[in-house]
Amino acid sequence: MDIQNVFVLTGAGISAESGLGTFRDRGGVWSRFDPMKLATPEAFAADPVLVHDFYNMRRRDALNAQPNAAHTALAELESGLAAQGRNLFLCTQNVDDLHERAGSRAVVHMHGELSRVRCLACGDGRPWREDLTVETPCPSCGVAGRMRPDVVWFGEMPKHLDAIEDALIKSDLFVAIGTSGAVYPAAGYVAQAQAFGIPTLALNLEAADNAGMFARTRLGLASATVPAFVA
Ligand code: BV8
């Protein structure tokens with residue numbers, strides 16, 4: 001089969017070997033922190049300082065982490081396909097920047113990015129800065145106390161959904177890497193690919209919640225399975 005467009009969806013598992021915690025594995029982020037107290041708009045309204053501290057901790061961890069062989073392999077896949085006039089659409093649920101730091105040029109962060117903040121008063125989005133606190137006035141509208149992490153919380157609309165759906169329909173291969181298939185709408189993409197007759201592949205450490213939806217699965221560490229897939 002001639003594969004022109006590859007759609008790759010990544011989750012926290014691809015960054016696990018870089019030392020960043022996953023969410024639902026044993027000892028994962030959500031087993032240590034309550035997502036309803038940290039990753040919802042209501043949580044931010046209730047305690048913006050607690051939420052900012054949580055994301056500052058995640059940001060520091062991400063800055064101290066290095067991309068691993070799986071991130072690098074996807075960057076090589078992107079450039080290799082482009083050299084042949086073909087395309088990789090890389091959609092990540094992750095909010096870290098390890099794909100970019102591994103060399104990927106086009107990364108779609110459907111759950112937003114740790115490296116960005118957004119003003120709730122005027123909507124202005126901008127890079128996060130070390131000295132930024134909850135009280136920092138927005139440089140665009142001047143309102144203080146309304147800057148939030150520019151990530152997508154539970155109950156919020158993920159970003160770039162139209163571009164994602166468009167790329168998914170056009171893809172010739174759907175690959176999910178390091179995701180538990182627990183969070184929607186991302187977890188539903190494999191079912192959509194199947195419905196469109198698109199071949200599907202899961203590269204995961206263990207069977208995901210939606211494992212039954214994949215035509216093929218390769219279990220193992222992403223740092224081994226992704227380079228093997230790309231080779
Ligand atoms: C929304 C961002 C309205 C900030 C996160 C049906 C349809 C639509 C919505 C819903 C629905 N049912 C329920 C909902 C609501 C909800 C939802 O899905 N809840 C779940 C818990 C049931 N969804 C939402 O609220 C979403 N918004 O629905 O808006 C809408 C409606 C229709 C259509 C569109 C929109 C917003 C969800 C985003 C929430 N934000 N985080 C932050 O990071 O703090 S959630 C969080 O989960 C992260 O973003 C994370 O990326 C995401 C998914 O987790 P995974 O990446 O999969 O990580 P996990 O730990 O779970 O799994 C890791 C996997 O890796 C494991 O399988 C493990 O085996 C594997 N692994 C580990 N190590 C390795 C490895 N694999 C390979 N190698 C290794 N070394």
Side-chain angles (χ1 to χ4, degrees), residues 8-44 50-59 61-62 65 67-71 73-74 91-99 107-118 148-165 168 175-192 201-211 214 217-229:
V8 170
L9 171 70
T10 62
I14 199 169
S15 298
E17 292 165 86
S18 297
L20 294 187
T22 59
F23 292 89
R24 296 167 187 83
D25 289 325
R26 278 172 299 287
V29 174
W30 297 146
S31 68
R32 291 176 285 130
F33 299 97
D34 179 357
M36 294 305 119
K37 290 200 173 61
L38 292 166
T40 67
E42 296 77 15
F44 183 72
L50 176 71
V51 172
H52 262 290
D53 289 351
F54 173 65
Y55 283 94
N56 284 338
M57 173 196 74
R58 300 258 313 274
R59 219 169 265 120
D61 293 345
N68 65 59
H71 297 103
L74 289 182
C91 174
T92 186
Q93 299 171 88
N94 299 339
V95 292
D96 62 62
D97 62 349
L98 295 183
H99 282 304
V107 184
V108 176
H109 285 271
M110 66 180 294
H111 290 165
E113 297 174 77
L114 278 174
S115 60
R116 296 187 62 79
V117 290
R118 178 160 54 85
R148 59 162 280 180
D150 196 4
V151 298
V152 177
W153 284 324
F154 288 102
E156 293 188 318
M157 191 63 79
K159 297 172 180 275
H160 314 298
L161 288 182
D162 292 343
I164 292 168
E165 297 282 342
L168 186 59
V175 186
I177 303 172
T179 179
S180 63
V183 174
Y184 290 83
Y189 290 157
V190 61
Q192 282 181 261
L201 169 66
L203 301 178
N204 218 47
L205 188 60
E206 54 198 17
D209 293 5
N210 56 358
F214 287 89
T217 294
R218 283 198 206 120
L219 297 181
L221 293 171
S223 62
T225 58
V226 181
F229 161 71

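The first residue of the sequence shown is numbered 1, and numbering continues consecutively from there. This one's a predicted model, so the numbers in the text were calculated from it and none came from an experiment. All ligand and atom numbering here is 1-based and tracks the order in the structure.
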Point to revise | Val152 N/O to ligand 1 N/O under 3.5 Å | key: yes
Review point. What is the nearest protein non-hydrogen atom to atom 57 (O) of ligand 1, stated with its residue, atom name and distance?
Key: Thr179 OG1, 2.7 Å
Point to revise | Interfacing atoms of ligand 1 (cut-off 4.0 Å, heavy-atom, Glu206) | key: 69 (O)
Exercise for review: Output all residues satisfying salt bridge (charged side-chain N to carboxylate O under 4.0 Å, His left out) with Arg118, sequence neighbours left out; order by chain, then residue number.
Suggested key: Asp150
Study note, to complete from the structure: Of all protein heavy atoms, the one nearest atom 80 (N) of ligand 1 is Glu17 OE2, 3.1 Å
Practice item. Nearest heavy atom to atom 71 (N) of ligand 1 wins, so pick from Pro35, Gly188, Gly13. Key: Gly13
**Study point:** Geometric N/O contact Ala12 with ligand 1, under 3.5 angstrom
**Key:** yes
Review point. Can you tell me the protein heavy atom closest to atom 76 (N) of ligand 1 and the distance?
Key: Leu205 N, 3.1 Å
Review point. Between Ala182 and ligand 1, which part of the residue brings a heavy atom under 4.0 Å of the ligand: side chain, backbone, both or neither?
Key: backbone
Practice item. Please report which non-hydrogen protein atom sits nearest to atom 35 (C) of ligand 1, along with the residue it belongs to and the distance in Å to one decimal place. Key: Met157 SD, 3.3 Å
Check your understanding: When you look for heavy atoms under 4.0 Å from ligand 1, do you find them on the side chain of Pro158, its backbone, both, or neither?
Key -> side chain
**Study point:** Contacts of type side-chain hydrogen bond (donor to acceptor under 3.5 Å, both in side chains), residue Gln93, not counting sequence neighbours
**Key:** Thr179
Review point. Does Arg58 approach ligand 1 within less than 4.0 angstrom via side chain, backbone, both or neither, non-hydrogen atoms only?
Key: side chain
Exercise for review: May I ask you to list the atoms of ligand 1 that are less than 4.0 angstrom from any heavy atom of Asp25?
Suggested key: 66 (C), 68 (C), 69 (O), 72 (C)
Practice item. Show which atoms of ligand 1 fall inside a sub-4.0 Å distance from at least one heavy-atom site of Gly220. Key: 77 (C), 78 (N)
Review point. Which part of Val95 is near ligand 1, with near meaning a heavy atom under 4.0 Å away: side chain, backbone, both or neither?
Key: side chain
Point to revise | Top protein contact for atom 54 (O) of ligand 1, by heavy-atom distance | key: Arg24 NH1, 2.8 Å
Review point. Should the proximity of Ile14 to ligand 1, defined as any heavy atom under 4.0 Å, be assigned to the side chain, the backbone, both, or neither?
Key: neither
Practice item. Would you mind checking which non-hydrogen protein atom is closest to atom 8 (C) of ligand 1, with the distance to 0.1 Å? Key: Tyr184 CB, 3.6 Å
Practice item. Would you check if the side chain of Asp34 reaches a backbone N or O of Met36 as a donor-acceptor pair within less than 3.5 Å? Key: yes
Revision key, fill the gap. Taking only non-hydrogen atoms of Gly178 and a 4.0 Å limit, the atoms of ligand 1 in range are 63 (C), 64 (C), 65 (O), 76 (N)
Exercise for review: Look at atom 45 (S) of ligand 1 and say which protein heavy atom is nearest, naming residue and atom and giving the distance to 0.1 Å.
Suggested key: Phe154 CZ, 3.5 Å
Study note, to complete from the structure: atom 27 (N) of ligand 1: closest protein heavy atom, distance to 0.1 Å, is Glu156 O, 2.7 Å
